[in-house]
Each structure stands twice: as structure tokens, then as C-alpha cells.
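Okay, so here's the structure we're looking at.
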Number of protein chains: 2
Amino acid sequence: MLNTITLTRKERDCIVLIGERGTSDFPLRLIEVANRMNVKPPTALNLIKRLVAKGMLKRERGMLRLTDKGKAECSRIIESHRVIETMMARYGLSADEACKLSCNLDFVMDEESVNRIFTELGKPKVCPHGKKIEVVQ
Amino acid sequence: MLNTITLTRKERDCIVLIGERGTSDFPLRLIEVANRMNVKPPTALNLIKRLVAKGMLKRERGMLRLTDKGKAECSRIIESHRVIETMMARYGLSADEACKLSCNLDFVMDEESVNRIFTELGKPKVCPHGKKIEVVQ
DNA sequence: GAATAAAATTAGTATGATGCTAACAATATG
DNA sequence: CATATTGTTAGCATCATACTAATTTTATTC
């Protein structure tokens, strides 16, 4: 069963970007999202508006912050991402390849499936390459 | 590295459908592709035209056949599909869940990565559920 | 072979995701 | 305050997906 919350790939990338790099001290702004995603501000704005409409994101004086729902979704994605990545790495894929492929699955996989793989793998805390998840390819 | 031939998800489904069920005795026709993909004939036609343009498919008196290129691509996808599925099933996913998730990866994964997982798994000949690959969800 | 049925095709339209430029507005910063 | 930065709007474009309605083509059947 796939996850009920439907995100597009770019929405997924945006949530992970904001969730990963936007600490409470330094929340991201539109211009930074645009730059990091290699798109122009109007494109980023469009994406951001969709995430706001989906209840994932809130904007306060230009600052972009995930809502609780957005944080939960982001955590789920990152957890799924690491699980999938780790599984693939154990089967001989390079960390980068595993990461890229994982981005195609992490946001569509349901929690139950992730948990089942978790029990087999042990919960990995970091990516196989030890770096942060690269959201923008 | 992702595969250089870029297919959309529906193109992937269509190639696999034709490759799997279209034997040389009974090649599929447009109407059957439409029915099996649960779309109307014009939608199927559009898809088919794109695959013809990409050199994956040829049409002979209404019969749809994969070209050599299409056959190679289809084989690659199916092989990748089974490898990914088997890997996931070994980590506790149900056959159906593994199949669904695998459909998101099988057509974007490059041969080298597939082969690396192959060496770890042993080349599986069938899906974990022993059924044909379900292309249309 | 003509009539009918089935299949294929065209034309037109729609939606959603992604992306852009150009212009303008709002907000900071010096 | 002037300038620079940032955000926003409007308008447009492309691609994938999908539809209906109408027409044409191809098969089948009488």
C-alpha cells in the first residue's frame, strides 16, 4: 500500500530541503529554496504555495517552516530514505547510486513497509555515505 | 547513474505490457492495450505513438510489436524489476508491495547497478509471488 | 459484395506539474 | 531616503496524462 499523502517529486525535494537545512535559527527563505533547487523564484514560489496548501509548510515573515504535519512527513521520508539506501548499499550499490534511487521511493513508501525493512536492517541513523541526504540532483 | 533512455512511467507500463503478453502469435492491438491499461483508445494511441517515436515499438497491420531496442529495454526492465522485488521481499516486504515499489525503480535503474545486486542475490527468474509482473495498478 | 460491427484515428479540450520571463511590489540595507 | 534584495503576479510554455465526439478504416457477417 502506498502512502496516502501524495507528494510530487519536487514537493518531496522541497520538504526535505527545508526540513534538513532549515533549522529553527536559520529557516530558509524563498530565494534560498530557489537557489538550492536550481529554479527561478517564481517556480519555487509555486512549489511553496502548493506545500502550504497541503498543510506541510507555513510562512512567517518570509521564513519557511514545516508545520507539524510537514515535519512528520519529512521525518518519514528521511527515515524511509535511509532504510532504502542502506538496503541497497548492502547489496553492493554505491552510496550515491543508492541515494539517487532511494529518492524515487522514499516519499511513496508507506510506514509499515519501511518498518518491516527496519527490523531486518536495524535502524540506520545516517546515510551509507555519511553525508546528508542530497535532495537536489 | 540513471539509465540514459528516458521513459515515463506509462511508457514503461506499456512496454512491459506488450513485452509480457504480446507473444509473436498474439501480438497486442491498440484496443487491448487500452483495455488492459484502463484508458481510452486515444490515450493508448498517444502512448503508442510516443513509443514508436522512441524506436521501442513498431506497428504492422494493427499489431504492436517491440522493436529489438524495445525488447532489449523490456528485458532490462523486467530483469531489474525482479531483482529489486526479490531484494525487497528478502527484507520482509510482501510480494505485492515489493512489486508496486519496484515499478518505480525498474525503468530508471542502470544495468550496472542491477548487475551488482544480481551478484548478491543470484539471478531470480520469477517474481517473489510467482506471478507475472503486474504492470497496471 | 454490401451492411454492419469493431477498431483506429483525428480533433479538440482539460488538468497538473514543472518551468520560464518580465514587470511590479515589498522589504531590507546602506 | 536611495538602492538593493526579495517576493509576487501575470502570462506563457512544455510535457504527460486523459477525456469526448466524430470520423475513418478495417473486419466480419449476411
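Below, chains carry the letters A, B, ... as their sequence lines are ordered, and counting in each starts from 1.
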Audit row: A:Glu73, A:Arg76, salt bridge (charged side-chain N to carboxylate O under 4.0 Å, His left out) steps and yes/no: CA-CA 5 Å; A:Glu73 186 61 19; A:Arg76 247 184 31 74; 3.6 Å; yes
Steps toward salt bridge (charged side-chain N to carboxylate O under 4.0 Å, His left out) verdict (B:Glu120, B:Arg116): CA-CA 7 Å; B:Glu120 299 285 332; B:Arg116 241 175 290 148; over 6 Å; no
Point-to-point distance, once rounded to the nearest 0.5 Å, from CZ of A:Arg65 to CD of A:Glu60: 5.0 Å
Separation between CD1 of B:Ile18 and CZ of B:Arg36, rounded to the nearest 0.5 Å: 10.5 Å
Side-chain donor or acceptor of B:Lys54 paired with backbone N/O of B:Thr6 under 3.5 Å: yes
Touch class at under 4.0 angstrom, heavy-atom based, for B:Ile31 against every strand present: sugar-phosphate
Evaluation steps, salt bridge (charged side-chain N to carboxylate O under 4.0 Å, His left out), between A:Arg9 and A:Asp13: CA-CA 6 Å; A:Arg9 174 57 195 272; A:Asp13 287 350; 3.1 Å; yes
Distance-only polar pair, side chains of B:Thr43 and B:Asn46, donor-acceptor under 3.5 Å: no
Separation of B:Arg12 CZ from B:Cys103 SG (nearest 0.5 Å): 4.0 Å
Contact letters for nucleotides 15-30 of chain C, in which S counts primed atoms plus P, OP1 and OP2 and B counts the base, heavy atoms under 4.0 Å: --SBBBBB--------
Nucleotide interval of DNA chain D bounded by contacts with chain B (heavy-atom cut-off, under 4.0 Å): D:dA16 to D:dA21
